[in-house]
Structure formats: structure tokens, C-alpha cells
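Computed over heavy atoms, backbone and side chain alike; hydrogens, waters and symmetry mates excluded.
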Amino acid sequence: ISSLLNFAFLITCLLAIFAFVRQYTDDATARWAVLSVSLMPVVIYCGTVRKIDLGMAMFELSAAYCLYLFCKQQKISWLIIASSFIGFALGARYNGLNSAALFTGLLLIYVYRQPPLRAQWQKILSAWILPATVLSCLWYLANFILYGNPLFPFYDSIFHPLTTDLVFEH
């Protein structure tokens with residue numbers, strides 16, 4: 001099942017690339033873009049192993065695309081969807097923090113430069129932060145329940161100082 005899910009992530013990434021490129025060019029160019037990406041060795045490798053890398057790529061690519069659509073159409077619904085994808089990325093791997101920080105910075109700059117949006121900055125920031133926080137916290141809560149550490153396997157010495165000290169003393 002995990003291989004099938006990974007393959008679904010790959011197909012979703014390629015469809016997102018096709019949809020984005022097709023907005024500005026024709027079908028043939030969009031097909032070439034998909035072909036070019038799908039022939040990259042790292043994409044071929046990640047498509048054949050059971051890892052979350054393609055899932056991360058799909059979540060981050062989808063978030064970027066939805067954030068782009070928010071900037072283009074200025075509909076809050078696109079921002080909520082983008083934030084949801086960032087929440088999934090944050091839950092999948094801690095590397096999602098990089099994308100979350102980058103997209104948050106870009107969003108703040110965009111909102112600051114758009115006077116009509118600047119008046120709604122609280123609504124926009126809430127729509128961006130809340131879905132990502134709720135979705136990622138589900139993963140951190142599961143880690144806390146299962147391992148006693150929301151950031152498992154990192155920072156175990158903070159959440160279990162006595163256990164960690166005993167392990168390293170031997």
C-alpha cells in the first residue's frame with residue numbers, strides 16, 4: 001500500500017506541474033514539462049521507494065500552487081487549502097518548517113504590498129496559520145501519546161532527561 005500511495009503522490013505532483021504550466025502555455029509544452037520532471041533520476045528513484053519524499057514534494061508543490069492562486073484570485077479559500085497542504089507537510093516531516101517559513105514570508109510581503117489585503121491582514125493570517133497548525137498538531141499529538149515526545153525522534157533529552165542520561169552513561 002505504501003508503494004501505491006507513493007505512486008499516487010508522484011502522479012499528483014506531475015498533474016500539478018501540468019496544470020500550472022498549461023495556464024501559461026499550451027498542452028504540448030505542459031506535457032514536455034511533465035516529461036522533463038518525470039525523467040529526472042531523483043524523481044524516478046523516489047517513485048520506486050517507500051519514503052515520504054514525494055509526499056513532501058506533493059504537499060509543498062500543492063501549497064505553492066494554491067498560494068499562487070490566492071495571490072492571483074485573492075480568494076481566502078485558496079489560502080486555507082494552501083495552509084492545509086503546509087500542515088500535511090509539517091506533519092509528514094520536520095523539513096516542512098522550511099517551506100512554511102518561506103511561504104509565510106512571501107505571504108506577508110504580498111499582503112503588505114496589496115493595500116486592499118492589508119486591511120484584512122488578521123483574517124488572512126488566521127486563514128494561513130490555523131489550518132496548518134491544527135493539521136500538524138495532530139501528528140505532534142500522536143508522537144506525544146506514543147513516545148512521550150512530540151518531536152520524536154529529536155530532542156529526546158529534553159522530554160526524557162533521566163532516561164537519555166542513563167543511556168549515554170553506559
Under 3.5 Å: donor-acceptor pair, side chain of S38, backbone of L35: yes
Where do F152 and F144 land on the ring pair (Phe, Tyr, Trp, His ring centres under 6.0 Å) test, with the steps shown first? CA-CA 8 Å; F152 179 82; F144 184 74; over 10 Å; no
Which of V42, V21, L14 passes side-chain contact (heavy atoms from CB on, under 4.5 Å) with V37? It is L14
Please determine whether the number of non-hydrogen atoms from other residues, nucleotides or ligands lying under 6.0 Å from atom CG of L146 exceeds 12. yes
Taking the side chain as C-beta and beyond, is there a heavy-atom pair between S99 and I86 under 4.5 Å? yes
Nearest heavy-atom contact between A127 and S83 is O-CB, 3.6 Å
Carefully, step by step, assess Y110 and L117 under the rule side chain to side chain contact (heavy atoms under 4.5 Å, CB included). CA-CA 9 Å; Y110 177 76; L117 292 179; 3.3 Å; yes
Side chains of L135 and S84, heavy atoms from C-beta outward: is any pair under 4.5 Å? yes
Heavy-atom closest pair, residues L90 and Y140: O-OH, 3.2 Å
Taking I11 as the starting point, is it possible to reach L61 by hopping between hydrophobic residues whose side chains are less than 4.5 Å apart? yes
Shared ILVMFWY cluster between Y94 and L102, side chains joined below 4.5 angstrom? yes
So, do K51 and M56 sit near enough that their side-chain heavy atoms are less than 4.5 Å apart? no
Within the distance-only criterion (no hydrogens, no angle test), does the side chain of R22 pair as donor or acceptor with the backbone N or O of A30 below 3.5 angstrom? no
Indicate, with yes or no, if V34 and F7 share a hydrophobic cluster defined by side-chain heavy-atom contacts under 4.5 Å among Ile, Leu, Val, Met, Phe, Trp and Tyr. yes
Interatomic distance, L106 atom CG to C71 atom SG [nearest 0.5 angstrom]: 8.5 Å
Would you check, one step at a time, whether the test side chain to side chain contact (heavy atoms under 4.5 Å, CB included) holds for L69 with Q23? CA-CA 11 Å; L69 290 174; Q23 281 188 349; 4.0 Å; yes
Report yes if some heavy atom in the side chain of I124 is under 4.5 Å from a heavy atom in the side chain of F70; otherwise report no. yes
Please answer whether the main-chain N or O of K123 pairs with a side-chain N or O of S126 as donor and acceptor at a distance below 3.5 Å. no
Does L138 belong to the same Ile/Leu/Val/Met/Phe/Trp/Tyr cluster as I52, with side-chain heavy atoms less than 4.5 Å apart forming each link? yes
I need the minimum non-hydrogen distance between L54 and L10, along with the two atoms involved. CD1-CB, 3.8 Å
Going through the checks in order, is the side chain to side chain contact (heavy atoms under 4.5 Å, CB included) test met by W139 and N143? CA-CA 6 Å; W139 177 259; N143 276 349; 3.2 Å; yes
Please confirm whether the backbone N or O of C46 pairs with a side-chain atom of N6, one donor and one acceptor, at under 3.5 Å? yes
Looking only at heavy atoms, which two atoms of I81 and C66 are closest? And how far apart? CG2-SG, 3.5 Å
Do E60 and Y65 get their side chains close enough for a donor-acceptor pair, meaning under 3.5 Å? no
Compare all side-chain heavy atoms of F9 with those of D53 and state whether any distance is below 4.5 angstrom. no
Looking at M58, is its backbone amide N or carbonyl O close enough to the side chain of T12 to form a donor-acceptor pair, meaning the two atoms are under 3.5 Å apart? no
Less than 4.5 Å apart, side chain to side chain, heavy atoms only: is that true for W128 and T104? yes
Indicate, with yes or no, if L130 and F103 share a hydrophobic cluster defined by side-chain heavy-atom contacts under 4.5 Å among Ile, Leu, Val, Met, Phe, Trp and Tyr. no
Contact between F18 and D27 at the side-chain level, heavy atoms closer than 4.5 Å - yes or no? yes
Please tell me if the side chains of W121 and R118 come closer than 4.5 Å, counting only heavy atoms from C-beta onward. no
